[in-house]
Amino acid sequence: MTVANAPALPSGEAEISSRPQREVDAPKRRSAGRRGLVKYLGLTPFAFYVVIFLGVPTVLALVTGFFDANGAFTLNNITVLGDPVILGAFASSFWVSAVTAVVGAVVGALVCYAMLGLKPDGTIRSFIDSASSVLAQFGGVMLAFAFIATIGIQGLVTVLLKGVGIDIFANGVWLYQVPGLLLPYIYFQVPLMVITFMPALEGLKSQWAEANATLGGTRFSYWSRIAIPVLLPSFLGSLLLLFANAFSSYATAAALISQGAQIVPLQIRASLISETVLGRSNVAGALALGMIVVMVIVMVAYSLLQNRTARWQR
Amino acid sequence: MAAMSGATRAGKVTSNAVQIGTEPSKAARRVILGVVGGVFAIPIVAMILFTLKNSIGGGYTFSHWTGLFDPAQSSKYQQLFIAVGNSLQLAVVTVAIILVILVPTMILVHLQFPKLRRVLEFICIVPVTVPAIVLVVGLAPVYAVVVRIFGSSIWTLAFAYGITVLPYAYRAIQANLSAVDVITLSEAARSLGAGWGSVMWRILLPNLRRGILAASFITVAVVLGEFTIASLLGRNNLQTALVQVSKVDPFVAVIFALIALFFAFVLLLLIGRLGSAGRNRKAL
């Protein structure tokens, strides 16, 4: 335990004995009222900060889509969401997110399964945990570099495969197009799955397996009747989180794709950089609104699934 | 003694678990971790090999690494070193925001406003739903005002970063808050006559230092990796500079990326150590 619990030093004692005195001296009623007020005042810095840098930007991002350059109300920008180019970007974003989420979830769950039974403080476990956090939360731009070095035109794997007669770019260079996002995205989705799904897998109680064994169940019946049904909500929840993660991810795509705007975040970049995409201003606001709608739906579903998961963890 | 019997018991449990089928066999674990680990190592190896490539002609060389410290070339990397400085400055200011604004608020809510705990949690999780790319659309007008008040120094970007790290920092501190019986500790201190100041400094912060440290480290990692907001608000940080430099000298960009990845890995390894040290102590 810490120094904190040790009896106070002499100098501290003097301070402590003087404090309550002052409070007792003050009229009880007033002091209580003032303390209540002070308590609420303590919340104001955080509230102020969050309102200005989270609340206001979010509202602005959602609302600017409804105004034109002169500040007059318009639904013009919102109709952008029906534009074939924008719809195409949303479709690309959807399928990239869906594919990488499914692959990431399956591979990540497999890794989590393999990690069961490793010592929680062991070297392998801490290595995997840290590496996962780095790749899932830190990668961004640097993952784009990694994949240019790997499967770029002069990349390690590209050249090696060419040596054995396989040309991965036989049908054109796809790394700097939407399909090129798949591998880098999977590269950060799998680690994110490991981080988010591992607690659920560790939450499986050994008594359930023992009960299954004493009742004559097999390995198959344990997984099919107990573990998988219990894990399913949290697996689906993690899958949704991965989808949201890929859907909102910007840095890797921005570093990889410098030409064009094939997915929604890149469309936002395009409309922020030049105010006249599709001949309208404040299009970024409309796109942001579209993204938020998708994100809110996904995250609400995620939290519902999380609540279901929590039932087994009590 | 106790540790030894614990270890043998753990060993037995493992073999039982393998028999019942809850855990993978050693071979299965090796195959899965080996294959996935091997595949995931390829891009990192490719990066390392890339930095060793000889740009003129074939073969491998350390010249790209040694070139970093060559004073004759230093002007070329000036921008990158400035950017590293900017990112470190941003990391410090963002950590300060977390320490000064988030930590006291979380303690206050935990002790005095139990009903607001869910609200605080919700607020801190919102940045997951409002991704940086959406936030930046609304941040542009906000920063027009911020620049008028604080000037356009790089550190002002930390206000936005404080929001993006909110979910991570909240989780790290909350884990510590719910593991320590903060209420009993502070009531005990209060009943012994300690004022709120000394409760905070001598009771709460020492007990929460693990969570606060973890939150600070993850904040540093997230800030050093941030690209979206800096790039779209036209600021210069490590990641935006990496993209710029990669167009001129991809070798240097990849070297810096490798160093940054390694640095983040070490930071997160330290967070892990902090966590497991806490667990061990509790077991005693």
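Naming convention: chains lettered A, B, ... in sequence-line order (proteins, then strands); numbering from 1 in each chain. Below, all heavy atoms of this structure are taken into account, side chains as well, without hydrogens, waters or symmetry copies.
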Please tell me if the side chains of [X] and [Y] come closer than 4.5 Å, counting only heavy atoms from C-beta onward.
X        : Y        : result
A:Phe145 : B:Leu258 : no
A:Tyr250 : B:Leu232 : yes
A:Val111 : B:Leu33  : yes
B:Leu116 : A:Leu43  : yes
B:Phe50  : A:Leu156 : no

Practice task
Quickly, which of B:Val103, B:Leu102, B:Leu108, B:Val100 forms a side-chain contact (heavy atoms from CB on, under 4.5 Å) with A:Phe46? Name it, please.
Solution key: B:Leu102
Problem - Option from B:Leu139, B:Val137, B:Val136 for which side-chain contact (heavy atoms from CB on, under 4.5 Å) with A:Pro57 holds - result: B:Leu139
For [X], which atoms come within 4.5 Å of any heavy atom of chain B: side chain, backbone, both, or neither?
X        : value
A:Ala251 : both
A:Leu118 : both
A:Phe147 : side chain
A:Ile268 : side chain
A:Ala227 : neither

Working to the nearest 0.5 angstrom, can you tell me the gap between [X] [atom1] and [Y] [atom2]?
X        : Y        : atom1 : atom2 : answer
A:Leu54  : B:Leu135 : CG    : CG    : 6.5 Å
A:Ser133 : B:Leu269 : OG    : CG    : 10.0 Å
B:Phe159 : A:Tyr49  : CZ    : OH    : 7.5 Å
B:Ile42  : A:Tyr187 : CD1   : OH    : 9.0 Å

Problem - Under 4.5 Å from any heavy atom of chain A - which part of B:Ile218 - result: side chain
Problem - Residue part contacting chain A, namely of B:Ile163, when any heavy atom lies under 4.5 Å - result: both
Problem - Under 3.5 Å: donor-acceptor pair, side chain of A:Arg269, backbone of B:Ile133 - result: no
Handout entry: For chain B, which residues of residues 293-302 of chain A have heavy atoms nearer than 4.5 angstrom
Key = A:Met295, A:Val296, A:Met299
